[in-house]
Enquirer: 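I'd like to ask you about the structure that follows.
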Amino acid sequence: MAKGREPSGRKSSERAEGIRKGRFDARMDPLFARFNASVSFDKRLYAQDIAGSIAHVRMLAKQGIVNAKDADAIEQGLREVREEIEEGRFEFLEELEDVHINIENRLREKIGDVAGRLHTARSRNDQVALDTRMYVKEQVSQVCGDLAELMRALVDVGERTVDLVLPGYTHLQRAQPVRLGHHFMAYFQMFRRDWARFRDSLHRADEMPLGSAALAGTTFPIDRSAVANELRFARLAENSMDAVSDRDFIAEFLFDAAMVMMHLSRLAEELIIWSSSEFGFCTLPDAFCSGSSIMPQKKNPDACELIRGKTGRVYGDLVALLTTLKALPLTYNKDLQEDKEPLFDAVDTVRSSVRIMARIVHGTEFMADRMLQAASDPTLAATDLADRMAREGVPFREAHERVGQAVRDGSRDEDRGALPSPEEMVEARNHPGGTARMQVMASIRAARAFLRSNALKKGLSGCADRVVRKE
Ligand code: ARG
């Protein structure tokens, strides 16, 4: 018996028979009961579940489907259950299968059989669809906040390093000099797109499924719009069969998360390479590195490596869900219970990775001399020399060939005094999107305006996070 639970006079295993009563003769096989239970992970949805039930029962009362007294008792009971959960006094029981039955059972223990009226005009099928949508909406807003923090870190480090010049690479071969700030602002662009992708996904997650009941709707005179308004959903799900079987919004969340991880892993990889002795371009913050148990000199970039490694795990979450959904007939199938662990795993992984990367970016030190030295490699001026010849009338293809030959021969024919410096080369690329100082600063200013803008904040309101908090 859980702490704080009043004795119900019945053993939990008997209570668990609740929804089997009537239809089944035999108890569930214990091995299957474990297999079937989702409460160990779907208890994460308790706040959404209770907020959804309160909205539902208020609507039932308003529509005269349940009388006001019973509805009040149910709402009050649900608030108490929520308090028990939040104060750690609630024990979720595996034999009660999932978060929904655990909460409903506790409600019955508290207020008696009137609790049974809560599930009028509802099924766990539309209930779990509702809970998960509310959860996804809330997490989208959280991830967007985390991404904003990372974008801020990137803009800060971009501005701090705008005067450092390093080689830009293609094929990981030195190509042309660039400003380090320009390099970081490239990552800003990636995360800005990721942020927008998440925000856009809200439109599709923001549909209220309740009222679909098991699959076909309900015979009761419900008011779905009232529930949608109370729970701050933008729209009603338009088709009851789709509403109970659609998990596109989770797949979309997982894709968006996978994309963030992919971008993070590229940045992580660069920091790993740059912090190696071979490059020596940067020193990662001690707080995000580990030592070796045998080699005293080691300082390993573990946090970056873990971000790179966990990217595969989030891809796995996405592929797991898509595979679960593949070829499922309409409507609800128990396969859909497999949607939650990948979702929760991706939420935890992407959120911690984004936040850790923001701190790493903040704390990394850059070795201006090493970078400049690498950028002063005379071969990096090859394009600029060819450009110069082209400006003097030589067709660019021919200029390209002549400079290429000179590089191959290691010839010193070209007047070294006439070679542009790395600084001159970056400044020569002075057009929108280029690496000249004024262009990088313009992109930094635009980024700061974006981070201050309402657009950024708007994505975060209208989400369910306020709804599921205590009123
Ligand atoms: N635990 C279930 C899930 O996560 C809840 C819905 C169960 N519905 C049902 N008809 N068995 O999908």
Side-chain angles (χ1 to χ4, degrees), residues 12 15-24 26-29 31-53 56 78 81 85 90 92-107 116 118-139 205 207-218 237 240-251 253-254 317 320-347 468:
S12 59
R15 290 196 311 259
E17 295 301 309
I19 58 168
R20 291 169 70 82
K21 258 194 318 210
R23 173 68 180 79
F24 294 88
R27 289 269 176 87
M28 230 183 225
D29 179 283
L31 204 55
F32 171 55
R34 276 222 101 148
F35 193 64
N36 191 43
S38 54
V39 68
S40 63
F41 49 88
D42 67 16
K43 63 183 175 196
R44 257 173 101 148
L45 298 175
Y46 81 88
Q48 291 78 5
D49 198 67
I50 290 175
S53 288
H56 179 65
L78 285 168
V81 173
I85 297 172
F90 189 100
F92 288 97
L93 300 173
E94 189 170 75
E95 56 265 43
L96 294 177
E97 199 175 321
D98 57 24
V99 63
H100 322 293
I101 302 180
N102 266 272
I103 290 172
E104 199 183 313
N105 241 272
R106 183 65 188 128
L107 184 64
L118 168 60
H119 213 54
T120 312
R122 190 175 72 168
S123 155
R124 275 187 296 162
N125 297 351
D126 56 348
Q127 189 177 355
V128 74
L130 175 77
D131 295 359
T132 314
R133 281 182 186 272
M134 288 170 70
Y135 176 81
V136 165
K137 283 170 62 182
E138 180 185 339
Q139 289 308 318
E207 295 188 350
M208 208 291 293
L210 224 57
S212 305
L215 76 161
T218 173
S240 64
M241 297 179 77
D242 180 44
V244 294
S245 67
D246 169 27
R247 297 293 184 272
D248 296 3
F249 64 101
I250 304 180
F253 182 95
L254 294 177
D317 293 329
L321 181 69
L322 288 174
T323 310
T324 297
L325 297 178
K326 176 181 178 296
L328 272 192
L330 287 178
T331 54
Y332 181 84
N333 299 272
K334 196 60 173 261
D335 314 45
L336 293 176
Q337 182 165 284
E338 292 293 311
D339 62 355
K340 286 171 208 64
E341 286 162 293
L343 171 62
F344 296 150
D345 182 69
V347 163
V468 297

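Counting starts at 1 for both ligands and their atoms, following the listed order. All values derive from a computational prediction rather than experimental measurement.
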Enquirer: Extract all N/O-N/O pairs under 3.5 Å that connect ligand 1 to the protein, and present each with both atom names and the distance rounded to 0.1 Å.
Expert:
residue  : atom   : partner : partner atom : Å
ligand 1 : 1 (N)  : S38     : OG           : 3.2
ligand 1 : 1 (N)  : D98     : OD2          : 3.2
ligand 1 : 1 (N)  : Q337    : OE1          : 2.7
ligand 1 : 4 (O)  : K340    : NZ           : 2.5
ligand 1 : 8 (N)  : N125    : OD1          : 3.0
ligand 1 : 10 (N) : N125    : OD1          : 3.0
ligand 1 : 12 (O) : Y332    : OH           : 2.5

Enquirer: For T132 and R247, which I'm curious about, is there any donor-acceptor pair between the side chains at under 3.5 Å?
Expert: no
Enquirer: Give the C-alpha distance, both sets of side-chain angles, the deciding distance and a yes or no for side chain to side chain contact (heavy atoms under 4.5 Å, CB included) between H100 and D131.
Expert: CA-CA 10 Å; H100 322 293; D131 295 359; 3.2 Å; yes
Enquirer: So, D42 side chain and D98 main chain: donor-acceptor pair closer than 3.5 Å or not?
Expert: no
Enquirer: Looking at every non-hydrogen atom in both residues, tell me the closest pair between N105 and L96 and how far apart they are.
Expert: ND2-CD2, 3.7 Å
Enquirer: Would you please say whether a donor-acceptor pair under 3.5 Å links the side chains of E338 and T324?
Expert: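 No, because no side-chain N or O of E338 sits under 3.5 Å from a partner of the opposite role on T324.
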Enquirer: Run the ring pair (Phe, Tyr, Trp, His ring centres under 6.0 Å) test against F344 and tell me which residues pass, sequence neighbours left out.
Expert: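 Scan of F344 (ring pair (Phe, Tyr, Trp, His ring centres under 6.0 Å), adjacent residues dropped) gives Y135.
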